[in-house]
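Start at 1 with the first residue, then count along the sequence. For ligands, and for the atoms within them, numbers begin at 1 and follow the listed sequence.
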Amino acid sequence: MTSARGAALVDLHTHTVASDGADRPAELVAAAAAAGVGVLAVTDHDTVAGVAEARAAGRRLGVEVLTGCELTASVGDRVVHVLLYAEGLLEPDLAEGVEVARRGRHERNLAIGERLERLTGVGYGDAVEAAGASTLSRAHFAKALMARGVVADVAEAFDRYLSSGRPGYVPAPSVPVTDAVALAAKAGGVAVLAHPGRLAEAERDRVLGEALEAGIDGIEVWHSQHDAGLRWSLAELAERRGVLATGGSDYHGRHKPAVQLGTGLDGNAAVLTGCLDALRGRLASEGPAA
Ligand code: AMP
Ligand code: MN
Ligand code: MN
Ligand code: MN
């Protein structure tokens with residue numbers, strides 16, 4: 001068997017069917033090995049449920065798998081995503097802490113279903129069917145609305161019903177960014193603000209400032225949705241503020257088919273080796289902090 005250990009690529013942001021990715025954890029690791037990724041962090045939304053299977057596959061295939069997750073968090077009234085990296089997250093009480101926002105998601109999905117059912121006749125059960133093995137999200141409500149002919153495409157589903165401010169919208173539950181930072185510290189690891197490029201430019205600096213104020217340990221610089229200018233300015237900010245610069249593709253398998261493991265889109269998610277070394281320097285070698 002060929003080994004990916006020593007392979008050049010690093011990917012610190014990926015999803016499996018434990019959240020809204022398309023690949024089972026072992027499939028993700030096999031795809032990473034095939035793509036030349038030697039170090040892979042599994043970062044499902046609000047859960048570490050896919051990590052154990054990924055680590056076992058990593059041992060077989062020679063891919064180093066780091067334990068992570070992507071928490072749904074809030075900075076003031078903005079919902080943001082915060083990547084946690086820490087082996088200690090696998091401890092049962094900390095894994096439980098990661099699941100807080102996820103449990104609230106079920107209530108949220110029921111509430112979205114109720115609203116849509118009233119508005120369109122398409123409800124929770126239709127979205128569950130559209131989701132198949134994936135974790136339910138607004139994307140599946142959009143798919144169900146499309147399948148039933150209520151809208152022509154996903155964009156229309158979001159524009160008319162599912163985006164913030166539209167009649168089917170219910171905000172996602174989130175944990176305050178300070179709690180995300182504390183959870184990472186307790187687990188012996190770090191919290192990194194994910195893809196700041198998704199924030200509207202007008203509020204990006206404010207949210208970054210508040211996240212840094214809250215003690216965030218790093219900024220995701222290399223990401224499939226970040227252009228060269230943004231990557232440069234985020235790297236400069238991380239250096240100036242003395243926090244980690246990380247990156248990853250945000251791979252979701254066939255749910256986002258253009259995004260490649262290890263490189264993102266046209267190489268925009270490729271992580272510099274020195275940044276991996278800096279991250280490693282901040283991860284406790286064993287378990288959570290006392
Ligand atoms: P949720 O996590 O339930 O809020 O849903 C997020 C999902 O909806 C992700 O898969 C997004 O890619 C998708 N999504 C959010 N906004 C839009 C939009 N305007 N058009 C298409 N997909 C969207
Ligand atoms: Mn996702
Ligand atoms: Mn995200
Ligand atoms: Mn992600």
Does the distance from a Lys or Arg side-chain N to an Asp or Glu carboxylate O, for [X] and [Y], drop under 4.0 Å?
| X | Y | result |
| --- | --- | --- |
| Arg103 | Glu96 | yes |
| Arg160 | Glu156 | yes |
| Arg198 | Asp250 | yes |
| Arg55 | Glu64 | no |

**Asked** How about His15: does one of its N, O or S atoms come closer than 2.8 Å to the Mn ion (ligand 2)?
**Response**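 Here the distance criterion (N, O or S atom, under 2.8 Å) is not met by His15, so no.
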**Request:** Kindly confirm whether the Mn ion (ligand 2) is within less than 2.8 Å of some N/O/S atom in His45?
**Result:**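 It does; at least one qualifying atom falls short of 2.8 Å.
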**Item:** CD/Glu129: more than 12 non-hydrogen atoms of other groups inside 6.0 Å
**Value:**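 Open.
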**Request:** Output yes when a protein non-hydrogen atom is found under 4.0 Å of atom 15 (C) of ligand 1, and no otherwise.
**Result:**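 For atom 15 (C) of ligand 1 the answer is yes, since some protein heavy atom falls inside 4.0 Å.
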**Message:** Protein non-hydrogen atoms only, distance under 4.0 Å: does atom 18 (C) of ligand 1 have such a neighbour?
**Reply:**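 Yes, because at least one protein heavy atom sits under 4.0 Å from atom 18 (C) of ligand 1.
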**Item:** Modelled atom types, side-chain donor and acceptor of Asp46 and Thr72, under 3.5 Å
**Value:**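 Side-chain D/A pair, Asp46 to Thr72: present.
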**Message:** Looking only at side-chain N and O atoms, does Asp11 offer a donor or acceptor that is under 3.5 Å from a partner on Ser249?
**Reply:**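 Yes - a donor-acceptor pair under 3.5 Å links their side chains.
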**Asked** Taking the N/O/S atoms of Asp20 one by one, which is nearest to the Mn ion (ligand 2)?
**Response**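 Of all N, O or S atoms belonging to Asp20, OD2 is the one nearest the Mn ion (ligand 2).
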**Item:** His252 atom (N/O/S) at minimal separation from the Mn ion (ligand 2)
**Value:**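 For His252, the N/O/S atom sitting closest to the Mn ion (ligand 2) is NE2.
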**For the student: nearest non-hydrogen atoms of His45 and Arg102, plus distance** =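 The answer is O-NH1, 4.1 Å.
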**Asked** So which heavy atom on Pro196 is nearest to which on Glu220, and how close?
**Response**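 The answer is CD-O, 3.3 Å.
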**Prompt:** About how many Å separate CD of Glu213 and CG of Leu208, when rounded to the nearest 0.5 Å?
**Reply:**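 That separation rounds to 12.5 Å.
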Just need the protein heavy atom nearest to [atom], so name the residue and atom and give the distance.
| atom | answer |
| --- | --- |
| atom 4 (O) of ligand 1 | Arg138 NE, 2.7 Å |
| atom 22 (N) of ligand 1 | Phe158 CE1, 3.3 Å |
| atom 12 (O) of ligand 1 | Lys256 CE, 4.7 Å |
| atom 10 (O) of ligand 1 | Ala139 CB, 3.9 Å |
| atom 2 (O) of ligand 1 | Arg105 NH2, 2.9 Å |
| atom 7 (C) of ligand 1 | Ser137 OG, 3.9 Å |

**Item:** The single option from Glu70, His13, Gln225 passing side-chain hydrogen bond (donor to acceptor under 3.5 Å, both in side chains) against His195
**Value:**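 The single option meeting the side-chain hydrogen bond (donor to acceptor under 3.5 Å, both in side chains) with His195 is Glu70.
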**Element-labelled atoms of ligand 1 that are located less than 4.0 Å from some non-hydrogen atom of Val154** =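 Those qualifying, in numeric order: 21 (C).
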**Message:** Quick check on contacts: which atoms of ligand 1 are under 4.0 angstrom from a heavy atom of Arg108?
**Reply:**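 Those atoms are 1 (P), 3 (O), 4 (O).
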**Asked** Just wondering, is there an N, O or S atom on His195 that's nearer than 2.8 Å to the Mn ion (ligand 4)?
**Response**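 Under 2.8 Å: His195 has no N, O or S contact with the Mn ion (ligand 4).
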**Message:** For the metal site, I want the angle between atom OD1 of Asp250 and atom NE2 of His13 with the Mn ion (ligand 4) at the apex, to 10°.
**Reply:**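 It is 80°, given to the nearest 10°.
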**Message:** Heavy atoms only, cut-off 4.0 Å: how does His15 contact ligand 1, side chain, backbone, both, or neither?
**Reply:**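 It is neither part, as no heavy atom is under 4.0 Å.
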**Message:** Please work out, at 4.0 Å between heavy atoms, whether the side chain, the backbone, both, or neither of His255 comes within that distance of ligand 1.
**Reply:**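 For His255, no heavy atom sits under 4.0 Å from ligand 1.
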**Item:** For the Mn ion (ligand 4): the N/O/S atom of Glu70 at shortest distance
**Value:**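 It is OE1, the N, O or S atom of Glu70 closest to the Mn ion (ligand 4).
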**Message:** Strictly distance-based, threshold 3.5 Å: is any side-chain N or O of Asp217 a donor or acceptor partner for the main-chain N or O of Ala191?
**Reply:**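 Here the side-chain-to-backbone pair exists.
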